[in-house]
Amino acid sequence: MLPSQPLLHTAVFALTILQALASNTFIAAVYEHAVILPDATLQPVSPEEALALMNKNMDVLEGAIKAAAQQGAHIIVTPEDGIYGWRFTRETIYPYLEDIPDPAVDWTPCTDPTRFAPAPVQKRLSCMARNNSIYVVANIGDKKPCNSSDPSCPSDGRYQYNTDVVFDPKGKLVARYHKYNLFRGETQFNYPKEPEAITFETPFGKLGIFTCFDILFHEPAVILVSELQVDTVLFPTAWMNVLPFLTAVEFHSAWAMGMGVNLLSANTHNIGSAMTGSGLFTPEGPVAYYYNSETEEGHLLLAELSARPRLSPTYPPPINWSSYATSIKKFPGEKDTFSAAVRRDVFTFTELRYKAGNYTVCQGDLCCHLVYQMSNKSKDEVYVLGAFDGLHGSLIKYHWQICTLLKCKSPDQNTCGQPVEMAQTTFEMFSLSGTFGTNYVFPEVLYSGVQLAPGEFEVLRDGRLKSKHATSKPLVTATLFGRLYEKDPLHPLRTSPQHGSLAATRAP
Ligand SMILES: *[C@@H]1O[C@H](CO)[C@@H](O)[C@H](O)[C@H]1NC(C)=O
Ligand SMILES: *[C@@H]1O[C@H](CO)[C@@H](O)[C@H](O)[C@H]1NC(C)=O
Ligand SMILES: *[C@@H]1O[C@H](CO)[C@@H](O)[C@H](O)[C@H]1NC(C)=O
Ligand SMILES: *[C@@H]1O[C@H](CO)[C@@H](O)[C@H](O)[C@H]1NC(C)=O
Ligand SMILES: *[C@@H]1O[C@H](CO)[C@@H](O)[C@H](O)[C@H]1NC(C)=O
């Protein structure tokens with residue numbers, strides 16, 4: 001439907017005001033929260049007990065929100081599962097859920113708490129936003145009753161959704177997002193029937209939102225960036241770190257670079273479940289990040305970011321990820337390959353036997369090239385160049401194309417691909433490239449001790465991931481992590497690739 005003339009004028013006028021108020025930068029905050037978990041129980045607790053636990057968590061979040069606002073933050077993101085944890089069945093999470101209305105109803109729970117069903121959590125979050133004049137992003141649970149008029153209605157008569165909410169600085173509900181890519185084991189929740197691409201305008205750019213496992217898939221993550229052109233993605237997550245390629249700060253910073261957007265990533269903090277690693281990530285690299293597997297405490301991160309990164313003079317140019325790799329002859333290395341598994345994925349590897357050299361290794365349609373020089377190779381460390389082109393995952397499968405320079409766990413080749421955090425070898429230089437069949441490639445560089453390498457590497461227009469100078473710390477991995485979304489099996493609720501044409505959209 002086309003908007004009527006007066007409506008259009010109002011919209012244009014509103015846009016002009018927004019632009020007049022618009023600022024070039026904003027201060028963003030993320031809070032890594034050590035969530036207080038409920039006791040594991042098979043019996044649902046009472047709504048009062050559920051609220052008491054959620055209030056304990058919100059007491060902590062309130063402290064972080066106040067502190068962020070006092071330091072000038074315009075927005076704060078808090079983690080997925082940050083208000084009640086994740087140890088639930090469908091029945092035991094029920095007392096924690098609230099009916100969350102569509103933001104189109106124009107509702108400020110802080111000033112009008114009883115307009116809908118009881119909503120003490122939404123009310124409190126709304127008041128925290130309003131009292132501190134700051135956008136508050138949180139993750140809570142939504143419940144929606146249904147009945148036999150809907151053939152997919154669950155037998156208990158309700159849908160339950162893992163849901164992100166955003167309240168503006170007046171406390172108004174401005175966004176609601178139901179998580180589309182549930183992680184295995186998240187059986188307390190339902191999939192929404194359709195993926196939701198949720199965006200909203202602010203004086204500091206157009207924002208989009210999704211959660212955790214969503215970041216690995218096309219819908220809605222890629223749609224938000226490539227089609228809806230958001231400037232900043234809000235990303236509440238409860239991310240379990242998995243070396244060598246899927247540690248939170250490593251992958252999330254690489255995604256922001258590969259997609260060319262800001263990503264405000266707030267992780268849950270739970271050392272027992274390997275959850276730590278939050279950050280403020282930009283197309284140019286990480287501005288601030290946090291990783292700490294020693295403490296049980298939460299942590300607040302703040303930084304000033306560009307509101308419209310695409311308009312920034314430092315915005316990286318578009319990249320053709322296969323241009324260099326397809327233009328050169330293969331380097332040697334293929335004679336000497338071996339196979340080893342990174343978790344369940346069998347990679348083709350070749351060992352970097354010398355202090356410097358040029359190698360190529362191929363698997364499937366992917367050939368990876370590496371030019372490198374080590375500064376101080378330790379005798380008991382083995383590095384490899386590896387390639388993987390195939391479906392990753394056990395229950396939920398999706399297609400990866402990966403080129404990686406990787407430190408092996410031990411000199412035994414069978415350990416190549418096993419998790420390793422520490423290294424001793426620094427590199428004078430490296431340059432990694434691959435014949436990728438996708439525009440969606442995420443450049444990862446991870447140093448010893450799960451540290452990032454901001455400013456120490458670049459991606460050239462022709463797709464080479466290059467060190468700018470000698471690495472300041474020993475290297476664990478440099479990886480080009482590619483996603484071939486169009487080869488993914490269908491989402492569990494899909495019977496046909498409804499958005500087939502979208503699969504080929506180009507990265508910015
Ligand atoms: C917000 O401020 C009001 C009035 O100053 C106060 O009563 C209320 O407790 C505050 N709420 C929060 C969540 O800070
Ligand atoms: C069934 O659900 C629909 C939609 O939620 C609602 O309009 C209708 O009144 C419900 N019917 C009964 C019998 O509860
Ligand atoms: C990328 O470069 C390759 C090799 O030069 C070329 O064949 C291909 O068409 C380019 N892709 C795009 C999207 O420009
Ligand atoms: C490795 O490649 C680089 C540039 O791609 C080239 O300058 C160098 O001569 C090559 N070295 C060897 C030993 O082939
Ligand atoms: C190489 O240099 C780095 C940084 O200077 C140092 O931490 C590391 O221990 C050195 N490694 C070896 C094998 O000497």
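Scope of the values below: all heavy atoms of this structure, side chains included, with no hydrogens, waters or symmetry mates. Note that ligands are numbered from 1 as they come in the structure, with each ligand's atoms numbered from 1 the same way.
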Next item on the list: State whether any protein heavy atom lies less than 4.0 Å from atom 9 (O) of ligand 2.
Entry: no

Checklist line | Any Q160 side-chain heavy atom under 4.5 Å of I93 side chain | finding: yes

Note to self: Under a 4.0 angstrom heavy-atom cut-off, which atoms of ligand 5 come close to N376?
What the structure shows: 1 (C), 2 (O), 3 (C), 8 (C), 10 (C), 11 (N), 12 (C), 13 (C), 14 (O)

Check: Which bit of Y324 is near ligand 4, meaning a heavy atom under 4.0 Å away: side chain, backbone, both or neither?
Finding: side chain

Note to self: What protein heavy atom lies closest to atom 7 (O) of ligand 5? Include the residue and the distance to one decimal.
What the structure shows: P474 CG, 4.0 Å

Notebook entry, point to check: What residue and atom, counting heavy atoms only, is the protein's closest point to atom 13 (C) of ligand 2, and at what distance?
Noted result: N147 ND2, 4.2 Å

Check: Measuring from the heavy atoms of S149, does anything fall under 4.0 Å of ligand 2?
Finding: yes

Notebook entry, point to check: In the protein, which heavy atom is nearest to atom 2 (O) of ligand 4, and how far is it?
Noted result: N358 ND2, 2.4 Å

Notebook entry, point to check: Looking only at heavy atoms of Y359, does any of them come nearer than 4.0 Å to an atom of ligand 4?
Noted result: no

Checklist line | Test: D99 and K144 ion pair at under 4.0 Å | finding: yes

Next item on the list: Evaluate the side-chain proximity of Y159 to P154: yes if any heavy-atom separation is below 4.5 Å, no if none is.
Entry: yes

Margin query: Please report whether atom 5 (O) of ligand 5 has a protein non-hydrogen atom at a separation of less than 4.0 Å.
Written below: no

Check: Roughly how far apart are D389 CG and C362 SG, rounded to 0.5 Å?
Finding: 10.5 Å

Margin query: So that I know where these two stand, are Y372 and F331 an aromatic pair - ring centroids less than 6.0 Å apart?
Written below: no

Check: Is the NZ or CZ atom of R483 positioned over F217's six-membered ring, under 6.0 angstrom from the centre and within 45° of the axis?
Finding: yes

Note to self: So if I apply the side-chain contact (heavy atoms from CB on, under 4.5 Å) rule between V445 and each of L432, L452, L475, which one comes out positive?
What the structure shows: L475

Notebook entry, point to check: What atoms of ligand 5 come within less than 4.0 Å of a heavy atom belonging to Q424?
Noted result: 1 (C), 8 (C), 10 (C), 11 (N), 12 (C)

